[in-house]
Asker: 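Here you go, one structure.
Count residues from 1 along the sequence.
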Amino acid sequence: MRKIIFEQYGGPEVLTYVEEEIPKIKENEILIKVENFSVNYADVKKRTGKKAKGKFPMELGLDVSGVVQKVGGHVRKLNVGDRVVAFPKKGSYSEYVVADENLVFKMPKELSFEQGAAALTVSFLGYILVNKLIEIDKSSFVIVHAASGGVGTTILQLLNLSGIENVIGVTSTKEKFPILKKYGAKYTFTYEEFQEESLKITQNKGVDIVFDSVAGEVTRKSLNCLKEYGKIVQFGNSSGERATFNNTDFHSSCRSIIGFSLGTTRKLRPDYIQSIATEVLELLASGKVKVHIENILNFDSIIEAHKIIENRNHVGKVLIEF
């Protein structure tokens, strides 16, 4: 089988195609022939050495859609030939992948391989952030950073489904505002203006909730326009920067920051991921939540895909197909 690895940190050109044997599976594992996988900004961070370090050669990728080829002896819920989405054990940049049965989910017939691969990470993450991690009152003012991306557009839709009207979408350029409006943002601002404008529309009271995957100065500005008892939900640091705080930023105002990682939860609590799978997949199958796909490229175009993601000129998701 063909797969993609890298043996040093660097630009997209470090990605290399290799031939390997199709992997064997254990009793609780499933072998999947990949149809599509998504390229995420987390892949760029890992490729450039800005994510957790590891041993070379390394693999990339979080999620796939495909068809079950083999099942381990202890697997009971899935069969050969099933159409599935999965979080693989290793990378997803490969013709075949292995996944633990708790992280493989049978796709509804209404869901295409493309939508399945595009939606898996962003829909599970968005659903947990909006519906499980915190409570959001319908009158709340909510900021969504990186709102034009895969997770951002998913959060916008989920907030809209929950009846949250005062949603503020924040993105890098005004050219991306139409996609934010399409998916449910009432207000749209750039990073340069969101702090001042958010205070204006809340009459200087501040916002209630901030969904922040950027970190750095964006988190500091978010805190500056967060009201008393408000919460920042921090689930990434695409800026590569750290935000610094003082204890006085929180205790007297009763504000708080809540952290969440889907990767950590997949690793330590796969049972939790499994427990919400039916709800998430039903939302996707019903069409109530749709993932915007910007590009679908073939497997030989992985360098181009990484350039698109790294330049941040895209909206929604970038997919690879076989």
Asker: Could you tell me whether a side-chain N or O of Y183 sits under 3.5 Å from a main-chain N or O of V291, the two making a donor and an acceptor?
Answerer: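 No, Y183 side chain to V291 backbone: no donor-acceptor pair under 3.5 Å.
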
Asker: Under 6.0 Å from the NZ atom of K181, do we count more than 12 heavy atoms belonging to anything else shown?
Answerer: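 Buried by this count: over 12 neighbours within 6.0 Å.
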
Asker: If the threshold is 4.0 Å, N to carboxylate O, is there a salt bridge linking E59 and K3?
Answerer: yes

Asker: Given side chains that start at C-beta, do those of I258 and F235 come closer than 4.5 Å, heavy atoms only?
Answerer: no

Asker: Rounded to the nearest 0.5 Å, what's the gap from CD on E241 to OG on S238? Could you check?
Answerer: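 Between E241 CD and S238 OG, I get 9.5 Å after rounding to 0.5 Å.
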
Asker: Are a donor atom and an acceptor atom from the side chains of D212 and T219 found within less than 3.5 Å of each other?
Answerer: yes

Asker: How about E135: does its CD atom have over 12 heavy atoms from other parts shown lying under 6.0 Å from it?
Answerer: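 No.
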
Asker: Which heavy atom in L103 sits nearest to a heavy atom in P270, and how many Å separate them?
Answerer: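 Taking L103 first and P270 second, the nearest heavy atoms are CD2-CB, 4.1 Å.
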
Asker: Do other residues, nucleotides or ligands put more than 12 heavy atoms under 6.0 Å from E27 CD?
Answerer: yes

Asker: Could you walk me through whether L159 and V142 pass side-chain contact (heavy atoms from CB on, under 4.5 Å), step by step?
Answerer: CA-CA 9 Å; L159 290 169; V142 181; 3.9 Å; yes

Asker: So, S222 versus H145: side-chain donor-acceptor pair below 3.5 Å or not?
Answerer: yes

Asker: Measure across S275 and E279 and return the closest heavy-atom pair with its distance rounded to 0.1 Å.
Answerer: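 Scanning both residues completely, I find the closest heavy atoms to be O-OE2, 3.8 Å.
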
Asker: Would you tell me whether D63 and S38 have side-chain atoms, one donor and one acceptor, within less than 3.5 Å of each other?
Answerer: yes

Asker: Using every non-hydrogen atom in the two residues, find where V64 and S92 come nearest and quote the distance to one decimal.
Answerer: CG1-CB, 3.2 Å

Asker: Do T190 and V170 have side-chain heavy atoms sitting under 4.5 Å apart?
Answerer: no

Asker: Would you call the rings of F189 and Y187 parallel, tilted or perpendicular if under 30° counts as parallel and over 60° as perpendicular?
Answerer: parallel

Asker: For L226 and I209, work out which heavy atoms get closest and say how close.
Answerer: CD1-N, 4.4 Å

Asker: Measuring from atom OG1 of T265 to atom CG of L125, what distance do you get when rounded to the nearest 0.5 angstrom?
Answerer: 9.0 Å

Asker: Would you check if the side chain of T153 reaches a backbone N or O of G150 as a donor-acceptor pair within less than 3.5 Å?
Answerer: yes

Asker: Taking atom types as modelled, find out whether D137 and S140 have a side-chain donor-acceptor pair closer than 3.5 angstrom.
Answerer: no

Asker: Quick one: does V210's side chain get under 4.5 Å of V233's, heavy atoms only?
Answerer: no

Asker: Can you tell me if H306 uses its side chain to pair, donor with acceptor, with the backbone of I302 under 3.5 Å?
Answerer: no

Asker: Charged N to carboxylate O below 4.0 Å: is that the case for E217 and R220?
Answerer: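 Judged by the 4.0 Å cut-off on N to carboxylate O distance, E217 and R220 do not form a salt bridge.
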
Asker: Hey, are the side chains of I164 and V167 touching, using non-hydrogen atoms and a 4.5 Å cut-off?
Answerer: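 Yes - at least one pair of side-chain heavy atoms lies under 4.5 Å apart.
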
Asker: Should we count CD of E110 as having more than 12 external heavy atoms under 6.0 Å?
Answerer: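 Buried by this count: over 12 neighbours within 6.0 Å.
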
Asker: When rounded to the nearest 0.5 angstrom, what is the spacing between OG in S112 and CG in N36?
Answerer: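 If we round to the nearest 0.5 Å, S112:OG and N36:CG are 7.5 Å apart.
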
Asker: Give the intermediate values and the outcome of side-chain contact (heavy atoms from CB on, under 4.5 Å) for residues V34 and S65.
Answerer: CA-CA 6 Å; V34 178; S65 64; over 6 Å; no

Asker: Taking it one step at a time, do E310 and K307 satisfy salt bridge (Lys or Arg N to Asp or Glu O under 4.0 Å)?
Answerer: CA-CA 5 Å; E310 201 160 9; K307 288 180 178 178; over 6 Å; no

Asker: Donor-acceptor pair, Q157 side chain versus K290 backbone, under 3.5 Å?
Answerer: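 Such a contact is found between Q157 side chain and K290 backbone.
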
Asker: Are any side-chain N or O atoms of E7 and backbone N or O atoms of I5, one a donor and one an acceptor, separated by less than 3.5 Å?
Answerer: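 Pair absent, no side-chain N/O of E7 close to backbone of I5.
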
Asker: Is it the case that the ring center of Y93 lies less than 6.0 angstrom away from the ring center of F299?
Answerer: no

Asker: Does some side-chain heavy atom of L262 sit less than 4.5 Å from a side-chain heavy atom of I128?
Answerer: yes

Asker: Any cation-pi pair here, R47 with F6, using under 6.0 Å and within 45°?
Answerer: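 So R47 doesn't make the cation-pi contact.
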
Asker: Is there side-chain contact between L129 and F211, with at least one heavy-atom pair below 4.5 Å?
Answerer: yes

Asker: Check the side chains of D271 and N102 for a donor-acceptor pair under 3.5 angstrom, ignoring hydrogens and angles.
Answerer: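 Looking only at side-chain atoms, D271 and N102 do not form any donor-acceptor pair under 3.5 Å.
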
Asker: Is K89 salt-bridged to E29, going by a charged N under 4.0 Å from an acidic O?
Answerer: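 A salt bridge links K89 with E29.
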
Asker: Check A243 against F245 and note the closest heavy-atom contact, atom names and distance.
Answerer: CB-CZ, 3.7 Å

Asker: Show your reasoning for whether side-chain contact (heavy atoms from CB on, under 4.5 Å) applies to M1 and E21.
Answerer: CA-CA 6 Å; M1 70 175 190; E21 293 292 325; over 6 Å; no

Asker: Among residues at least two apart in sequence or on other chains, which ones pass salt bridge (charged side-chain N to carboxylate O under 4.0 Å, His left out) with E101?
Answerer: none

Asker: Please check if the number of heavy atoms outside K45 that lie under 6.0 Å from its NZ is greater than 12.
Answerer: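 Yes - once you tally the heavy atoms of other residues, nucleotides and ligands closer than 6.0 Å, there are more than 12.
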
Asker: Checking S301 side chain against L297 main chain: does a donor-acceptor pair fall under 3.5 Å?
Answerer: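 Checking the backbone N and O of L297 against the side chain of S301, no donor-acceptor pair under 3.5 Å is found.
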
Asker: For S286 and L283, indicate whether the former's side chain and the latter's backbone hold a donor-acceptor pair under 3.5 Å.
Answerer: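 The answer is yes, because a donor-acceptor pair under 3.5 Å joins these two groups.
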
Asker: Please report the closest heavy-atom contact between I179 and S148, naming both atoms and the distance.
Answerer: CG2-CB, 3.8 Å

Asker: Is S94 reaching over with its side chain to a backbone N or O of Y96, donor-acceptor style, under 3.5 angstrom?
Answerer: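 Indeed, once roles are kept as given, a pair shorter than 3.5 Å links the two residues.
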
Asker: Is it true that a side-chain atom of D82 and a backbone atom of N79 form a donor plus acceptor pair closer than 3.5 Å?
Answerer: yes

Asker: Without swapping roles, check the side chain of R255 against the backbone of D249 for a donor-acceptor pair under 3.5 Å.
Answerer: yes

Asker: With a 4.0 Å cut-off on N to O distance, would you call K227 and D208 a salt bridge?
Answerer: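 Salt bridge: yes.
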
Asker: Give, for atom NZ of K267 and atom OG of S261, the distance between the pair rounded to the nearest 0.5 Å.
Answerer: 10.0 Å

Asker: Can you list the steps and then say if Y9 with F56 is a ring-ring contact (aromatic ring centres under 6.0 Å, His included)?
Answerer: CA-CA 9 Å; Y9 297 122; F56 293 114; 4.9 Å; yes

Asker: Among I30, I32, V104, which residue meets the side-chain contact (heavy atoms from CB on, under 4.5 Å) test with V97?
Answerer: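 The side-chain contact (heavy atoms from CB on, under 4.5 Å) with V97 is passed solely by I32 among I30, I32, V104.
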
Asker: Does the side-chain contact (heavy atoms from CB on, under 4.5 Å) test come out yes or no for V68 and L31, once each step is laid out?
Answerer: CA-CA 6 Å; V68 175; L31 178 69; over 6 Å; no

Asker: Do K33's NZ or CZ and the ring of F322 fall within the cation-pi criteria of under 6.0 Å and 45°?
Answerer: yes

Asker: Have K50 and N237 got a donor and an acceptor in their side chains that come within less than 3.5 Å?
Answerer: no

Asker: In terms of heavy-atom contacts, does OH of Y229 have more than 12 from other residues, nucleotides or ligands at under 6.0 Å?
Answerer: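 Check fails, neighbour count at 12 or below.
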
Asker: Do N28 and D100 touch side chain to side chain, with heavy atoms closer than 4.5 Å?
Answerer: yes

Asker: Could you walk me through whether N295 and K317 satisfy the side chain to side chain donor-acceptor pair (under 3.5 Å) test, starting with their C-alpha distance in whole Å, then the side-chain angles of each, then the deciding distance to 0.1 Å, before giving a yes or no?
Answerer: CA-CA 7 Å; N295 300 85; K317 297 288 288 183; over 6 Å; no

Asker: Just so I know, are the side chains of T16 and I4 near enough to count as touching, which here means a heavy-atom distance under 4.5 Å?
Answerer: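 T16 vs I4: side chains apart.
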
Asker: Given the rule in the salt bridge (Lys or Arg N to Asp or Glu O under 4.0 Å) test, do R2 and D300 qualify, once you have shown the distances and angles that lead to the verdict?
Answerer: CA-CA 10 Å; R2 295 180 76 203; D300 293 317; 3.0 Å; yes

